[in-house]
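Please read through the structure below; I'll follow up with questions.
Quick note: residue numbers are just sequence positions, from 1.
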Amino acid sequence: MVSADRLLAFAALSLLIIVVPGPSVLFVVGRALARGRRAALTTVAGNTLGSYVLVVAVALGVGAVVERSAVVFTVLKLAGAAYLVHLGVRAWRERRLPRAAFAGGAGSDEDRRRAFWEGFAVGVTNPKTIVFYAAVLPQFADRDRDGVAVQMLLLGLVFNVIALACDSVWGLLAATARDWFARSPRRLSAVGGAGAVAMIGLGVTVAVTGRKD
């Protein structure tokens with residue numbers, strides 16, 4: 001098992017990395033602005049689960065394949081980018097729906113499931129995340145102890161619990177701002193459009209950035 005000092009050091013590093021807004025935060029904020037509080041929090045849960053699937057992949061050795069293969073990395077990157085753009089375009093088209101359609105966010109069970117799995121899809125198709133895990137998790141695993149894979153699973157769990165908390169706060173803050181805009185259909189349409197543009201912009205950014213090799 002991971003020693004306490006390694007675990008605390010990794011938790012501190014994780015917090016420093018996570019508190020700086022990154023792609024996952026931009027995605028959650030975009031969802032919060034476009035669809036509201038419940039959609040944002042459900043998206044965070046799905047995104048976190050998708051991210052942890054990548055932790056499992058790294059622990060099982062799959063992460064090394066993505067880290068070393070430019071082709072696999074690019075395929076995953078473009079798939080994730082295309083999906084983000086798709087979500088943004090859909091949010092843009094829905095921005096002028098009647099106010100009641102936005103009031104509940106991810107209100108029905110079907111809407112919540114859709115928001116969850118959309119977040120999961122974005123999280124699990126992020127090649128930069130799996131490369132990060134492949135580079136960092138082994139550094140904090142103690143190879144002099146048994147169960148290196150289990151150690152990486154624990155470290156990844158710590159990272160994702162911190163990410164879940166921080167991303168949820170960002171989602172709640174963005175949704176609170178959206179609640180003010182919701183008092184006016186015109187303002188609500190504008191903020192929904194802003195969320196859509198944020199997701200499209202994030203997708204384009206993911207598509208055009210990547211490995212130097």
Side-chain angles (χ1 to χ4, degrees), residues 2 7 10-11 13-15 17-19 21-32 34-67 72-73 75-77 79-88 90-91 105-137 140-141 149-172 174-175 195 198-199 202-203 206:
V2 185
L7 194 60
F10 180 78
L13 174 64
S14 299
L15 182 60
I17 293 172
I18 291 167
V19 294
S24 64
V25 170
L26 295 177
F27 174 55
V28 170
V29 168
R31 292 306 298 269
R35 300 299 296 171
R37 180 178 291 103
R38 281 177 290 184
L41 294 180
T42 307
T43 298
V44 170
N47 188 262
T48 303
L49 179 60
S51 177
Y52 193 72
V53 168
L54 299 184
V55 173
V56 176
V58 169
L60 296 177
V62 178
V65 176
V66 178
E67 185 181 18
V72 174
F73 180 93
V75 169
L76 284 175
K77 179 187 73 169
Y83 193 61
L84 281 168
V85 171
H86 163 73
L87 294 177
R90 192 176 70 193
S108 69
D109 289 340
E110 181 179 354
D111 288 339
R112 282 193 290 269
R113 284 194 296 269
R114 187 175 73 173
F116 179 87
W117 288 114
E118 286 173 349
F120 176 85
V122 171
V124 82
T125 57
N126 189 341
K128 292 185 179 181
T129 300
I130 196 171
V131 169
F132 167 78
Y133 289 148
V136 174
L137 295 183
F140 285 86
V150 175
Q151 292 182 52
M152 288 193 286
L153 290 174
L154 176 60
L155 292 168
L157 181 62
V158 169
F159 184 92
N160 279 281
V161 167
I162 296 173
L164 177 67
C166 292
D167 289 356
S168 295
V169 170
W170 279 107
L172 289 172
M199 284 186 279
L202 177 58
V206 169

The ring-ring contact (aromatic ring centres under 6.0 Å, His included) partners of Phe10 (sequence neighbours excluded) come to Phe140
task: To the nearest 0.5 angstrom, please state how far the OG1 atom of Thr43 sits from the CZ atom of Arg114.
output: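 Going from OG1 on Thr43 over to CZ on Arg114, the span is 10.0 Å.
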side-chain contact (heavy atoms from CB on, under 4.5 Å) filter on Ile162, not counting sequence neighbours, yields Ala11, Ser14, Leu15, Ile18, Val158, Cys166
Less than 4.5 Å apart, any side-chain heavy atom of Phe132 and any of Leu137? no
| message | My understanding is that only residues two or more places apart in sequence, or in another chain, count here; which of them pass side-chain contact (heavy atoms from CB on, under 4.5 Å) with Leu153? | response |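 Expected list: Tyr52, Val55, Val56, Ala59.
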- Task: Output the distance between atom CG (Leu49) and atom CG (Leu54), rounded to the nearest 0.5 Å.
- Result: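 Here the rounded value is 10.0 Å.
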Looking only at heavy atoms, the pair that brings Leu155 and Ala141 closest together is CD1-N, 4.0 Å
Between Ala115 and Ala39, the two heavy atoms sitting closest are CB-O, 4.1 Å
Margin query: Please report the interatomic distance CG(Asp167) to CG(Asn47), rounded to the nearest 0.5 Å.
Written below: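 One gets 6.5 Å once the value is rounded to the nearest 0.5 Å.
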May I have the step-by-step check of side chain to side chain contact (heavy atoms under 4.5 Å, CB included) for Leu172 and Arg37, ending in yes or no?
CA-CA 6 Å; Leu172 289 172; Arg37 180 178 291 103; 3.6 Å; yes
Applying side chain to side chain donor-acceptor pair (under 3.5 Å) to Gln151 and not counting sequence neighbours gives none
Next item on the list: Determine, stepwise, if the pair Phe27 / Trp170 fulfils side chain to side chain contact (heavy atoms under 4.5 Å, CB included).
Entry: CA-CA 10 Å; Phe27 174 55; Trp170 279 107; over 6 Å; no
Scanning both residues in full, the closest heavy-atom pair of Gly171 with Val28 reads CA-CG1, 3.7 Å
Here the gap from Glu118 atom CD to Thr42 atom OG1, rounded to the nearest 0.5 Å, amounts to 10.5 Å
Those residues at least two apart in sequence (or on a different chain) that pass ring-ring contact (aromatic ring centres under 6.0 Å, His included) with Phe116 are none
Heavy atoms of Ala175 and Gly36 approach each other most closely as CB-C, 4.2 Å
Checking Phe120 against Val53 for the side chain to side chain contact (heavy atoms under 4.5 Å, CB included) test, could you report, in this order, the C-alpha distance in whole Å, the side-chain angles of both residues, the deciding distance, and whether it holds? CA-CA 9 Å; Phe120 176 85; Val53 168; 3.8 Å; yes
By side chain to side chain donor-acceptor pair (under 3.5 Å), Ser51 pairs with (sequence neighbours left out) Tyr133, Asn160
